[in-house]
Each structure stands twice: as C-alpha cells, then as structure tokens.
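Down below is the structure, laid out as structure tokens.
A quick note: this is a predicted structure, and the numbers were derived from the prediction, not measured. Each ligand, and each atom within it, is numbered from 1 in the order the structure gives.
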Amino acid sequence: MPANMALLTLPPLSLYIHIPWCVQKCPYCDFNSHQAEQKNNTLNELDYVETLKNDLQLESQFTYGRKLSSIFFGGGTPSIFSAHSIAAILDHAKKIIGFEDDIEITLEANPGTFEQEKFAGFYAAGVNRLSIGVQSFNEKHLQTLGRIHNSDEAKRAISIAKKAGFSNINIDIMHGLPQQSVDDAMKDLQQAIDCSPQHISWYQLTIEANTAFYRQPPTLPNDDILADIQERGSLLLTDNGFAQYEISAFSKNNQRSLHNLNYWQFGDYLGVGAGAHGKITDISNGRIIRRQKTRLPDHYLKNAKAPKTKQHTVATHELNIEFMMNALRLIEGVPSDFFEKRTGLALAEIQDSLTELQQQQLLAEASTHIKTTPLGQRFLNVVLEKLSAEEKINVDGLQTGKQ
Ligand SMILES: C[S@@+](CC[C@H](N)C(=O)[O-])C[C@H]1O[C@@H](n2cnc3c(N)ncnc32)[C@H](O)[C@@H]1O
Ligand code: SF4
C-alpha cells in the first residue's frame, strides 16, 4: 500500500557518474577528489570502469521503466580517463538502461594538454557537452588557485573542443579570488565570453572546511568589491546574450544544462562512483529515497561486485525544504504543480508561508510558478528559513549546487 498516494508520477531520470581523481589537488576544493597515486587512492582505471558497470547494474533497479534523459561525468577530473573507458561506460548504460533520443551527456574536463588530445575521442564516445574548468585567465590567479594550466592552454582547450565537434560547451569561471579586483574579475569574464561558449558557470569562491585555503585562509576581496563584481559581472554576461537562469548559471540561446535543471526541478537521478549520491522516487512505496556510495576510491573498489551503498528515506518534513532549496535557485522558479508531483506533499500545507513571503515581496505573485522576486533571490536564506519553519537548514550549502 503506497505510503503517499500523491507520488503517482515519475520525474525524468538522470545519471551522475563520479570520477574521483585529479592530477593535483587544488587548495580550495572540497569535492571528493584525490591526487592520483596517493596512499589509499590509487588510480586504477580498468578496475574502476568494471566497478562502475556493476554499480550501474545495481542502480538500474530504480529506473522503473524510464530511459536516461541526461548523464554527467563529474569529478575529480573525468578527462583523466581515456575515451575508451568513457565509451565503455556509456555503452553499458545504454545497454542496460537506455537513452532518450535527445539525451545530454556532459563530461567535466580540465584544460591540460594531456586532456585536450582526448576531446575528439570523448565526442566519438557519445559525449555531447563539455564543461571546461578554466576558473580564471589570469596567470597570477591561476597560480594562487593551484591550477596546473595557464591562460593560453585554457583558450586552446576551448578551440580544440570546438574542432572536435562540440557545439555545447560550458566554461567554469570563479570570482572573488584572493586579491582580485573588480576589473580583474571583469577581464576574466570578458575573455570567457570572447571564447564564445554556449554556457558559463560563474561561481563565487567559497572557503570550504577541509581545504588548504581553510587551514591557511588567503585574503579575499571585501564585501563591497564582491557586491560590485556580482553586479557588474551579471550585467556583462546579460549584455553579451547570456541569460541567467540559476544563481551561478548563464546560457546563450537557452542552451541550459539539462542535467543540472533536473536536479533543481527535483527530478530523479542515479549516482554511481565513489561518494556519488542518487535521489529516487520509489513509486511503489510512495516515498523518496537517497542513496550514497562509499566515499574513498579504494573502499569503493574493494566491493567491486556491489559497491557499498547507504540508503535512507527522506523524511516528510525534510521534503518541503529539499524541494525549495533546489527549485528557488532557478530564476524562473518551477511550475507550482511540481511541488505536489515531486514531493507528494500538498501545496496547501505551505500556502500560509507562501502568501506571507509574497506579501513581503520575496516571492512573486505568479499563480503558475513558485519563484522568487529579485529581492527574494538576494535574500534566499530568509525565504528558505521561513519555508523550513520546523527545520533548521544549512544555508551555507546554497553557495554551490555542484555534485
Ligand atoms: C567538480 S569541480 C571541478 C571540475 C574540474 N576538475 C575542474 O577543476 O575544472 C566543478 C567546479 O566547481 C567550482 N568550484 C570548486 N570548488 C569551489 C569553491 N570552493 N568555490 C566555488 N566554486 C568552486 C569550480 O569552478 C569547478 O570547475
Ligand atoms: S577543482 Fe577540479 S582539479 Fe582541482 S582538485 Fe577539485 S576536482 Fe580536482
């Protein structure tokens, strides 16, 4: 007997594949990424690919007849793997789950020479969107960030990606870097725009626990400079045809990241690879479950036949805020009926809070969508605190939406 009768429709299904190794660990990064060939984290590509395939087999029980609408190879540095390995993983996913005709397949790549040589191979393997981690075009800032590429290599990587056939390219740029001026940040953005990508992800640097920057904090720009960077940068992007559709995401001609959109619209995703998360609507039991793989690469590889996985049911009182934390990141919000369809909760239960936030002009008065006003975007923490009346949420988690 379904516990929640409202969960009768299934959202689109995505797949996240985590590759946990990098050539070198950056001092600001708290992702599950490990310098290859370090103790407990040996890069073992062949075994990892085999384990991923088994993992995928395990997760395929949660598709409930759906095909994949997007795949994202994230890291770490997925471009550290050979095109042959990426092709093997994709072939397996296609065989056991199946792809929608218009599937989006993204791979995160670093701009090193060694990676660029593989771009044509990734494209031939079926990857149709490349996300290139440039971060900055300024040599001094690249060094502070501990990056192993320089500005010319970043530009060359983008041009090689285009020659390889990619017509959907994202560039990651960070701002609010140590000692960065407003002009420095604008120059970085302008150079990214001049490379003519379809998408720019523009993240403000956050100092995360368990990083070298946390242990030895660099001097960051003050709040006034950060606010100026934010304001002038958004204008520069918009003036150049990049529409902002999420806190950090800007796209040209509506070429949004379908994979991230599915996260933000509270869709379903399977997660395979060390530390990967999945979120699934378990329609037969009327609940939403979250699954997570064991984090360390060597632990993940140890149980190669069935990698260690934790699972829990998302509590009803958490569903509301989990939905909102994702949906309200989107500038245009989400259709109101998604709330009931994707959480199984009745919108009426939070109507009083919604009305109050509308009266405070933090939420828009649109009857078709739940969305913030520009003021609500600025004070998203306040909006979420109101909506999570029974629950304290970690508002710091809002800064990055990446997995
Ligand atoms: C999974 S990470 C890295 C992908 C790829 N290995 C790279 O370094 O380019 C995805 C993106 O998150 C952003 N990022 C990582 N750490 C961050 C931090 N502390 N603050 C803001 N953005 C961060 C970077 O822009 C990065 O490209
Ligand atoms: S930012 Fe990218 S390259 Fe640097 S450690 Fe993190 S995942 Fe690896």
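- Inspection of the Thr63 and Ser60 side chains reveals no N or O donor paired with an N or O acceptor under 3.5 Å.
- Below 4.0 Å from some heavy atom of Asn110 lie the following atoms of ligand 2, by number and element: 3 (S).
- Atom 8 (Fe) of ligand 2 lies under 2.8 Å from an N, O or S atom belonging to Cys22.
- Side-chain contact of Asn54 with Glu50: a donor-acceptor pair under 3.5 Å is absent, judged by distance alone.
- Note that the CD1 atom of Ile148 and the OG1 atom of Thr77 stand 7.5 Å from one another [nearest 0.5 Å].
- Looking at atom 6 (Fe) of ligand 2, its nearest protein heavy atom turns out to be Cys29 SG, 2.3 Å.
- A cation-pi arrangement is present between Lys279 and Phe266 under the rule of less than 6.0 angstrom and at most 45 degrees off the ring axis.
- Annotation: Glu208 places no N or O atom under 3.5 Å from an N or O atom of ligand 1; distance criterion only.
- Within the listing of ligand 2, atoms 7 (S) sit less than 4.0 angstrom from a heavy atom of Gly76.
- For ligand 1, the atoms sitting less than 4.0 Å from at least one non-hydrogen atom of Thr77 are 6 (N), numbered in the order shown with element in parentheses.
- By the 4.0 Å heavy-atom criterion, Cys22 is excluded from the residues contacting ligand 1.
- Under 4.0 angstrom from ligand 2, the non-hydrogen atoms of Thr77 all belong to its side chain.
- Within ligand 1, counting atoms from 1 as listed, the ones closer than 4.0 Å to a heavy atom of Gly76 are 4 (C), 5 (C), 6 (N).
- Close contacts of ligand 1 with Gly75, meaning ligand atoms under 4.0 Å from a residue heavy atom, involve 1 (C).
- For atom 7 (C) of ligand 1, the nearest non-hydrogen atom from the set Leu205, Ile148, Val23, Asn110 belongs to Asn110.
- Here the protein heavy atom with the shortest distance to atom 4 (Fe) of ligand 2 is Cys26 SG, 2.3 Å.
- Protein heavy atom closest to atom 1 (S) of ligand 2, with residue, atom name and distance, is Tyr28 OH, 3.3 Å.
- A salt bridge is absent between Lys67 and Glu100; no separation between the charged side-chain nitrogens and carboxylate oxygens falls under 4.0 Å.
- When only non-hydrogen protein atoms are considered, atom 2 (Fe) of ligand 2 lies nearest to Arg147 NH1, 3.9 Å.
- Each of the following atoms of ligand 1 lies closer than 4.0 Å to a heavy atom of Gly133: 9 (O).
- Aromatic rings from His18 and Phe31 are positioned such that their centres are separated by 6.0 Å or more.
- Distance check, rounded to the nearest 0.5 Å: CG of Leu107 to CZ of Phe72 gives 8.5 Å.
- Partner of Asp268 under the salt bridge (charged side-chain N to carboxylate O under 4.0 Å, His left out) criterion, out of Arg66, Arg342, Arg291: Arg66 alone.
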